[in-house]
Visitor: 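The structure is given below, and queries will be raised subsequently.
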Amino acid sequence: MSTITSILVPTDFSSKSDTAVRYACEIASYTGAKVMFMHVIEQPYDFPSRIENVLESKKADSAKKLSELIDGLHSTDDFRHVNMKGSVEVGSTSTTFLHAAKTGKFDMIVVGLGGEHDLKKAIYGSITNNILLESPIPVFAMSKQVDYRQPKHLVFATGLRNQDIKPIKQMKKLSIELGVKLRIVHIVEKKEIREEKGKKFQKKLRKELKDDTLQVEFYEDKSFLEGITRLIGGDQHTILVTTRYKRRFVEWLITRSNARVLAQIAAVPLIMIPND
């Protein structure tokens, strides 16, 4: 069975959702996963007597847009056989998506980020940022500045922790399904490379994945974020994969320099796997 059998795609029908929709459908076409497009309507602030009418009108309009989106995707040869559905929900946007992620019905969320200006605001708490921080399932996020590119590499950035073995195994299976190469990299933040730790991790990785060819690539830089940014650059044919250790993630989110680097990393698609 595929690692991914069901994908949740939040959409607000704006351009920032377009690339996320394309990536989700491409993954589904290779893995056989089902795709659920979900649009959330925030509770309207109006006179109580009008709320129900306003909601019904918005729900009908959103349902129509979801139907048109799915019909348009099904009209293309590439996605004709992808199983797609749409859902319109009412409530807090981030809370609704996180609740859906926690139901166990989905294996991945594919979501679009805003532009660089929106991303700077996201550092202090946006819908996508909340999903990245709290989602119990992998989040595949990309900036609206990113156009769809046929993936050629999955680059898994590991901290050489044993908890990374399982998600690397999942990404290896996904790389095979997508027909792309998996690279496993470690950014060394100090001059002395922890050679012994690296060898032990690689040995265990090869044993667990039953693959003697797996090689961890080591790169030295001032920080993890700067190193991975230089390594990947703006190659949109690469998908960056990393695990989320919440404390560390929050620490580098709140620093101005790392916010800048995060914006650079968002120039390529990013899969964040919860591991905290």
Visitor: Identify, with sequence neighbours excluded, every residue that meets side-chain hydrogen bond (donor to acceptor under 3.5 Å, both in side chains) alongside Q163.
Guide: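 So Q163 forms no side-chain hydrogen bond (donor to acceptor under 3.5 Å, both in side chains) with any residue.
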Visitor: I'd like to know if R183 and E217 make a salt bridge, using a cut-off of under 4.0 Å between side-chain N and carboxylate O.
Guide: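 So R183 pairs with E217 through a salt bridge.
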Visitor: Nearest 0.5 Å, what's the OG1-CD1 distance between T95 and I131?
Guide: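 Rounded to the nearest 0.5 Å, the OG1-CD1 separation comes to 10.0 Å.
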Visitor: Check residues 78-88 and write down every donor-acceptor pair under 3.5 Å in which the side-chain atom is one partner and the other belongs to a residue at least two apart or another chain.
Guide:
unit_1 : atom_1 : unit_2 : atom_2 : d
R80    : NH2    : D77    : OD1    : 2.6
S87    : OG     : E89    : OE2    : 2.6

Visitor: Can you find a side-chain donor-acceptor pair between E177 and T3 that sits under 3.5 Å?
Guide: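 E177 vs T3: no donor-acceptor pair found between side chains.
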Visitor: If the condition is salt bridge (charged side-chain N to carboxylate O under 4.0 Å, His left out), which residues does K203 pass it with, not counting sequence neighbours?
Guide: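 Partners of K203 under the salt bridge (charged side-chain N to carboxylate O under 4.0 Å, His left out) test: none.
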Visitor: Check the angle between the aromatic planes of H186 and F218 and answer parallel, tilted or perpendicular using the 30° and 60° thresholds.
Guide: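 The arrangement is perpendicular - the two ring planes meet at more than 60°.
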Visitor: Among pairs that include at least one residue of residues 22-39, which meet salt bridge (charged side-chain N to carboxylate O under 4.0 Å, His left out), considering only residues two or more places apart or in two chains?
Guide: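 Passing the test, one end in residues 22-39: R22-E26.
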Visitor: Could you tell me which residues satisfy side-chain contact (heavy atoms from CB on, under 4.5 Å) with D12, sequence neighbours excluded, listed by chain and number?
Guide: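 Result, side-chain contact (heavy atoms from CB on, under 4.5 Å) vs D12: S14, K16, S17.
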Visitor: What heavy-atom pair brings L73 and C25 nearest, and what distance separates the two atoms?
Guide: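 Minimum heavy-atom contact is CD1-SG, 3.8 Å.
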Visitor: Would you please name every residue forming a side-chain hydrogen bond (donor to acceptor under 3.5 Å, both in side chains) with T243, sequence neighbours left out?
Guide: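 Expected list: D164.
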Visitor: For residues M38 and A100, report the shortest heavy-atom separation together with the two atoms involved.
Guide: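 Of all heavy-atom pairs spanning M38 and A100, the closest is CE-CB, 4.1 Å.
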Visitor: Any chance you could measure L209, atom CG, to K204, atom NZ, to the nearest 0.5 Å?
Guide: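 Rounded to the nearest 0.5 Å, the CG-NZ separation comes out at 12.0 Å.
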